[in-house]
Undergrad: 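Let me begin by handing over the structure; questions about it come next.
When a residue number appears, it is its place in the shown sequence, counting from 1.
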Amino acid sequence: GKNHQQTPNIIYIMADDLGIGDLGCYGQQQIKTPFIDELARNGMIFMRHYSASSISAPSRCSLMTGKHTGHSAIRGNKTVILADGEKYDTPLPDEEITVAELLKQKNYKTACIGKWGMGGPESEGHPNRHGFDYFYGYLGQGHAHSYYPSFLFENNQKIMLNKTQYSHNLIIEKALDFIDKNAEQPFFLYLSPTIPHAELAVPEENLKEYDGKFLETPFKGGHYCAQPKPRAAYAAMVTLLDKNVGQIMDLLKKKGISENTIIIFTSDNGVHQEGGHDPKFFNSNAGLRGIKRDFYEGGIRTPFIVRWPGVIAPGSQNEHVSAFWDFLPTVCDITGIPCPHNIDGISYLPTLKGMDQPKH
């Protein structure tokens with residue numbers, strides 16, 4: 001009802017290395033993304049939204065803190081070795097204020113499920129120390145280069161998997177579980193699956209849909225696993241993520257909270273060209289110049305779709321130039337939480353409402 005207007009649930013879904021051209025609603029012809037396309041039809045599609053960087057860690061740091069990379073604490077993918085002998089990423093410093101910490105002021109339940117990449121176990125950068133009640137997934141980015149990892153983390157606990165389980169499915173299961181358990185109060189779910197980042201690996205049941213559809217050049221492996229059918233595998237990964245968006249939508253309806261839930265779908269940077277992926281074949285960067293790691297449009301312009309029933313006019317499209325560091329002030333604007341002073345973002349709430357929008 002109306003009393004919820006200042007505390008809508010917020011689900012921020014961030015794919016990993018998904019190109020802006022990989023979704024039907026942005027012109028993709030060969031990969032099917034019906035559920036994300038439906039999100040766009042029922043919401044708003046941003047044509048000029050930018051990630052904060054052309055690689056993972058700085059992009060995520062900016063998203064969480066509202067600062068662009070001139071001011072943000074993490075500006076590259078730099079690793080540190082921790083007590084367990086494993087490599088993790090540069091920790092997000094204690095003093096940085098995240099979106100999740102701010103939302104705790106309004107009693108939101110908060111979770112980060114998927115890839116964190118801003119500090120390992122026992123470091124000051126751990127998500128539980130930055131406003132997240134719950135974490136499940138990869139703390140370290142390097143571990144996320146495998147979809148059948150040795151372990152994942154649940155909060156601070158190492159969950160041993162011994163390379164037997166497809167991590168993405170576990171991540172989605174935990175996300176659905178979090179929504180299911182927290183439907184009665186406002187929640188913020190930052191869902192950061194690693195699909196379709198290399199390696200190109202997907203369960204056989206998902207590969208079936210695209211198997212034999214494309215002319216394939218087998219990828220022999222190296223840093224990433226070998227993949228005899230890289231085109232089919234990439235397409236199947238994107239379609240699996242799309243199906244998961246459908247599952248989330250279904251659960252929200254079943255719980256009766258669909259109307260009061262903001263869903264955002266995006267990607268942390270441009271498309272990759274690793275593990276056998278051929279971005280040209282799929283036009284993954286929608287004809288823009290460059291890919292991941294390039295500071296051209298193709299490296300940093302990302303899909304950005306927002307669905308918020310009753311606020312956003314369905315089927316809207318906008319050309320407002322916005323970026324990851326705008327998320328934090330937008331959340332503050334929506335919830336009435338005072339915004340930290342030293343940030344670079346500008347709330348895009350006016351754009352969502354179809355009103356006059358201050359520009360960068």
Side-chain angles (χ1 to χ4, degrees), residues 13-41 43-56 58-59 62-63 68-69 193-198 200 209-210 213-217 219 224 227 229-242 245 264-307 315-324 326 348 351 359-360:
I13 306 169
M14 185 168 71
D16 199 345
D17 293 1
L18 179 81
I20 190 169
D22 284 328
L23 303 173
C25 51
Y26 284 96
Q28 178 56 229
Q29 303 286 314
Q30 306 183 85
I31 303 172
K32 295 185 186 70
T33 57
F35 296 105
I36 295 166
D37 298 347
E38 188 186 347
L39 216 52
R41 271 199 307 279
M44 178 177 274
I45 190 165
F46 283 63
M47 300 314 288
R48 302 188 66 193
H49 188 79
Y50 293 88
S51 64
S53 179
S54 66
I55 52 168
S56 190
S59 221
S62 178
L63 173 70
H68 62 50
T69 52
T194 48
I195 279 181
H197 192 295
L200 300 189
E209 187 177 346
Y210 293 100
K213 289 254 166 88
F214 313 117
L215 194 61
E216 299 282 9
T217 305
F219 176 68
Y224 295 109
Q227 175 50 260
K229 299 162 182 170
R231 287 173 178 175
Y234 186 83
M237 288 167 88
V238 176
T239 293
L240 172 56
L241 182 57
D242 181 73
V245 170
I264 295 176
F265 185 91
T266 190
S267 172
D268 66 339
N269 44 246
V271 68
H272 68 83
Q273 194 170 353
E274 287 148 42
H277 182 45
D278 174 5
K280 279 202 177 65
F281 176 76
F282 288 109
N283 194 22
S284 287
N285 58 3
L288 300 172
R289 176 166 52 161
I291 55 170
K292 178 184 183 175
R293 295 196 178 81
D294 296 329
F295 269 103
Y296 292 122
E297 293 283 311
I300 53 174
R301 201 196 296 183
T302 57
F304 198 76
I305 300 161
V306 189
R307 176 201 163 276
S316 321
Q317 189 173 318
N318 79 78
E319 297 283 333
H320 170 56
V321 177
S322 56
F324 272 22
D326 295 334
Y348 42 73
T351 292
K359 292 180 173 52
H360 283 281

Undergrad: Does the side chain of Asp37 come under 3.5 Å of the side chain of Thr33 through a donor N or O and an acceptor N or O?
TA: yes
Undergrad: Would you say Asn283's side chain and Gly287's backbone share a donor-acceptor pair under 3.5 angstrom?
TA: yes
Undergrad: Applying the side chain to side chain donor-acceptor pair (under 3.5 Å) criterion to Tyr234, which one of Asp278, Asp22, Thr239 satisfies it?
TA: Asp22
Undergrad: Between Glu297 and Tyr50, is any side-chain donor less than 3.5 angstrom from a side-chain acceptor?
TA: yes
Undergrad: Which residues pass the ring-ring contact (aromatic ring centres under 6.0 Å, His included) test with His320, not counting sequence neighbours?
TA: none
Undergrad: Working to the nearest 0.5 angstrom, can you tell me the gap between Ile31 CD1 and Glu209 CD?
TA: 10.5 Å
Undergrad: Is the distance between the ring centroids of Phe304 and Phe324 under 6.0 Å?
TA: no
Undergrad: Using a cut-off of 6.0 Å, state whether more than 12 heavy atoms not belonging to Lys213 lie near its atom NZ.
TA: yes
Undergrad: Could you check whether atom CZ of Phe295 has more than 12 heavy atoms from other residues, nucleotides or ligands sitting under 6.0 Å from it?
TA: yes
Undergrad: For Glu274, is there an ion pair with Arg293 - N to carboxylate O distance below 4.0 angstrom?
TA: yes
Undergrad: Between Gln317 and Ile45 (side chain of the first, backbone of the second, donor and acceptor by atom type, cut-off under 3.5 Å), is there such a pair?
TA: no
Undergrad: Within the side chain of Ser59, is there an N or O that forms a donor-acceptor pair under 3.5 Å with the backbone of Ala52?
TA: yes
Undergrad: His49 vs Phe46 aromatic rings, parallel, tilted or perpendicular, using cut-offs 30° and 60°?
TA: perpendicular
Undergrad: As an exercise, state the distance from OG of Ser51 to CZ of Arg301, rounded to the nearest 0.5 Å.
TA: 11.5 Å
Undergrad: When you measure from the centre of the six-membered ring of Phe282, is the NZ or CZ of Arg231 closer than 6.0 Å and no more than 45° off the axis?
TA: no
Undergrad: Applying side chain to side chain contact (heavy atoms under 4.5 Å, CB included), can you list everything that pairs with Leu240, at least two apart in sequence or on another chain?
TA: Tyr166, His168, Asn169, Ile195, Val202, Asn206, Lys243, Asn244
Undergrad: Can you give me the closest heavy-atom contact between Thr69 and Pro58, atom names plus distance?
TA: CG2-CB, 4.0 Å
Undergrad: With ring centroids as reference points, do Phe281 and Phe214 lie under 6.0 angstrom apart?
TA: yes
Undergrad: Using the side chain to side chain donor-acceptor pair (under 3.5 Å) definition, which of the options Asn285, Asp268, Asp17, Asp16 pairs with Lys292?
TA: Asp17
